[in-house]
Amino acid sequence: MLDLTYIRENADLVKKAIVNKNTGSPDLVDSVLELDEAWRNVTTKLQEIQTAANAEAKKIGEMMKAGKKDEAQAVIAENARLKQVQKDLEEDQRKAAESLEAILLEIPNVPHPSVPVGKTPEDNVVAFEWGEKPTFDFDAVPHWDLLDKYDLADFDRGSKVAGAGFPFYKGAGARFQRSLINFFLNEAVDAGYTEIGAPLVVNQDSARGTGQLPDKEDLMYEAVRDGLYLIPTAEVPVTNLHRDEILSESELPIKYCAYTPCFRREAGSYGKDVRGLNRLHQFDKIELVHFVRPETSYDALEELRSHAEKLLQLLGLPYRRLLMCTGDMGFTQAKKYDLEVWSAGQKRWLEVSSISNFETFQARRMKIRYRPISDGKAQIIHTLNGSGLALPRIVAALLENYQQADGSISIPEVLQPYFGSASINSENT
RNA sequence: GGAGGGGUGGCAGAGCCUGGUUGAAUGCACCGGUCUUGAAAACCGGCAUACCCUUACCGGUAUCGUGGGUUCGAAUCCCACCCCCUCCGCCA
């Protein structure tokens, strides 16, 4: 959510953002300005009435104290008229505020000036590439064949028990994931993050805070009976951790890492994109979240990005960094990078991390502020997050890129202490 | 799930029975000043949030868990909901 005053003063900029992000009509801005005007008019009138009514009430109080009951009765009768006017105005104000709020929630975050303008994924900029794509003197196979071969995952039984997109992991497959989780968490903690174990369900206020509601409701599984949502990412509970709080400057920046399963309905997806581990309804992810002072958020974005990239480098996975264009970056972000790893068996790039600066967009909804030591006036902070990293596609890429001529899969050195051996082969599954 | 107690400013904690200068005593923390070679102590002053009006100053409104209600007037009375604590039950 953007600041109303900001919209008032930068109407053209916000309109441009809506157009560039391709998320709706720029006329929304005009509606906001009109509704804001209307709300302020009503509010001013209402407050005048309240001022009058309060003054009368005070007078009555004094009369009662002085024992002038009859005089008081007369004022009471007169005040009843004011009360009716007040009620009507309150209703008007409530309606105006409601419409204003609703439209405000439809206005996207304004992209940072460094973000390229564009409409489709083709307009994203490949900002950086790292590593050599592996070459093979045999036919590299996709990961689903390798999962099968070593019985690392069972999709059919997952479908039976839960549904498509909820695989079982077995043996070395399950252990492999567990070793990645531990590796990622340890790296994050070493980089200065505080580890968080988070609730896997959140209430509506939390879902609204990070921007999943009102628009992206279809993304989430919902426990209707209890009004709870299964988290689509740890971003939701972890960012909401400080909702409605005023932090002190000395505790910033706050950096959290959290491992959680993530649940996504992914309604409407199909085809090769969902083959194997490419897209699941439940998957594991380690999420990194920053709470920072506004002036430092773009430094923090690069820092966060480098933390995620380091993991890929340690794992020896070739990857590229995309700077997302305005049309492909999403509603709530001001700037966003995607990291994609090369998947040698499928011969395609797979998105494994998305790193974003939300500036005040989330924090304003959540009322997360900090008190600067200098002037003491509470100020909205900036929030950022990024995956560090999402597991299934990392597993897919590792299996595919590290497959060997003899059919075994070697394990990157950094992972071996976690996994407990140097390869996956027919002996150790 | 049952019974009882409670949710007040950054924190602690009065006020609620007996509705009326209580946006809220007091203490701590914090900020500024005096004093001091410096610091501490002491003393003086300041210190909630959001919003409206205003060039500005002044002024005003709302907020005592949340939402309703009673009343001329509610932190204070009534109702519902949420959360916390204690005891009981159930349970990994």
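Since the model is a prediction, treat every value here as computed from it, not as a measurement.
- If you measure from atom CE of A/Met366 to atom P of B/rA50, you get 17 Å, rounded to the nearest angstrom.
- Across the strands present, B/rA29 finds no partner; the criterion is a Watson-Crick or G-U wobble pair with both atom distances under 3.5 angstrom.
- Between A/His307 and A/Tyr193, the distance separating the two ring centers is shorter than 6.0 angstrom.
- Comparing the P positions of B/rG46 and B/rA25 gives an interatomic distance of 13 Å, to the nearest angstrom.
- Of the P atoms belonging to B/rC31 and B/rU49, the separation is 16 Å, rounded to the nearest Å.
- The CD1-C1' distance, from A/Ile246 to B/rC47, rounds to 13 Å in whole Å.
- Going from atom CE of A/Met64 over to atom P of B/rA74 covers 14 Å, rounded to whole Å.
- Phosphate contact (OP1/OP2 of B/rU49, side-chain N/O of A/Arg369, threshold under 4.0 Å): absent.
- Distance, A/Glu56 CD to B/rG73 P: 12 Å, rounded to whole Å.
- Ring centers of A/His382 and A/Tyr370: at least 6.0 Å apart, outside the cut-off.
- From A/Phe263, atom CZ reaches atom CD of A/Glu222 across 15.0 Å, with rounding to the nearest 0.5 Å.
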Report, as a single string ordered 5' to 3', how protein heavy atoms within less than 4.0 Å touch nucleotides 51-71 of chain B: B base, S sugar-phosphate only, - not at all. SBS------BBS---------
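- Counting to the nearest Å, the C1' atom of B/rC82 and the CD atom of A/Gln204 are 14 Å from each other.
- B/rG73 and B/rC82 have their C1' atoms separated by 28 Å, given to the nearest Å.
- Pairing for B/rG73 is absent, judged as Watson-Crick or G-U wobble with the two contacts each under 3.5 Å.
- With both ends at atom C1', the span from B/rC17 to B/rA74 equals 15 Å, rounded to whole Å.
- Taking atom CD of A/Gln379 as the reference point, atom P of B/rA50 lies 11 Å away to the nearest angstrom.
- Each of A/Thr210, A/Asp205, A/Leu241 was scored for a side chain to side chain contact (heavy atoms under 4.5 Å, CB included) with A/Met366, with one residue passing: A/Thr210.
- The interatomic distance linking A/Glu62 (CD) with B/rC72 (P) rounds to 18 Å, in whole Å.
- Between A/Asp30 and A/Lys15 a salt bridge is recorded (basic side-chain N to carboxylate O distance below 4.0 Å).
- Base-pair partner of B/rU86: B/rA3 (Watson-Crick or G-U wobble, both distances under 3.5 Å).
- The gap from the C1' atom of B/rA41 to that of B/rG60 amounts to 43 Å, rounded to the nearest Å.
- Atom name P, nucleotides B/rU54 and B/rG67: the rounded distance is 29 Å, in whole Å.
- Pair assignment for B/rG23 gives none, since no Watson-Crick or G-U wobble pairing has each distance under 3.5 Å.
- Enclosure of atom NZ in A/Lys16 is not indicated, since only 12 or fewer non-hydrogen atoms of other residues, nucleotides or ligands lie within 6.0 angstrom.
- Across all strands shown, nothing is found opposite B/rC91 as a Watson-Crick or G-U wobble partner with both distances under 3.5 Å.
- Sorted by first and then second residue, the salt bridge (Lys or Arg N to Asp or Glu O under 4.0 Å) pairs involving residues 47-61 of chain A (not counting sequence neighbours) are A/Glu56-A/Lys59.
- Comparing the same atom, P, in B/rA39 and in B/rU22 gives a spacing of 39 Å after rounding to whole Å.
- Of the C1' atoms belonging to B/rC44 and B/rA48, the separation is 23 Å, rounded to the nearest Å.
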Do any side-chain atoms of residues 411-418 of chain A form donor-acceptor pairs under 3.5 angstrom with protein atoms, and if so which ones, sequence neighbours left out?
residue	atom	partner	partner atom	Å
A/Gln416	NE2	A/Ile411	O	2.8
A/Tyr418	OH	A/Asn186	ND2	3.1

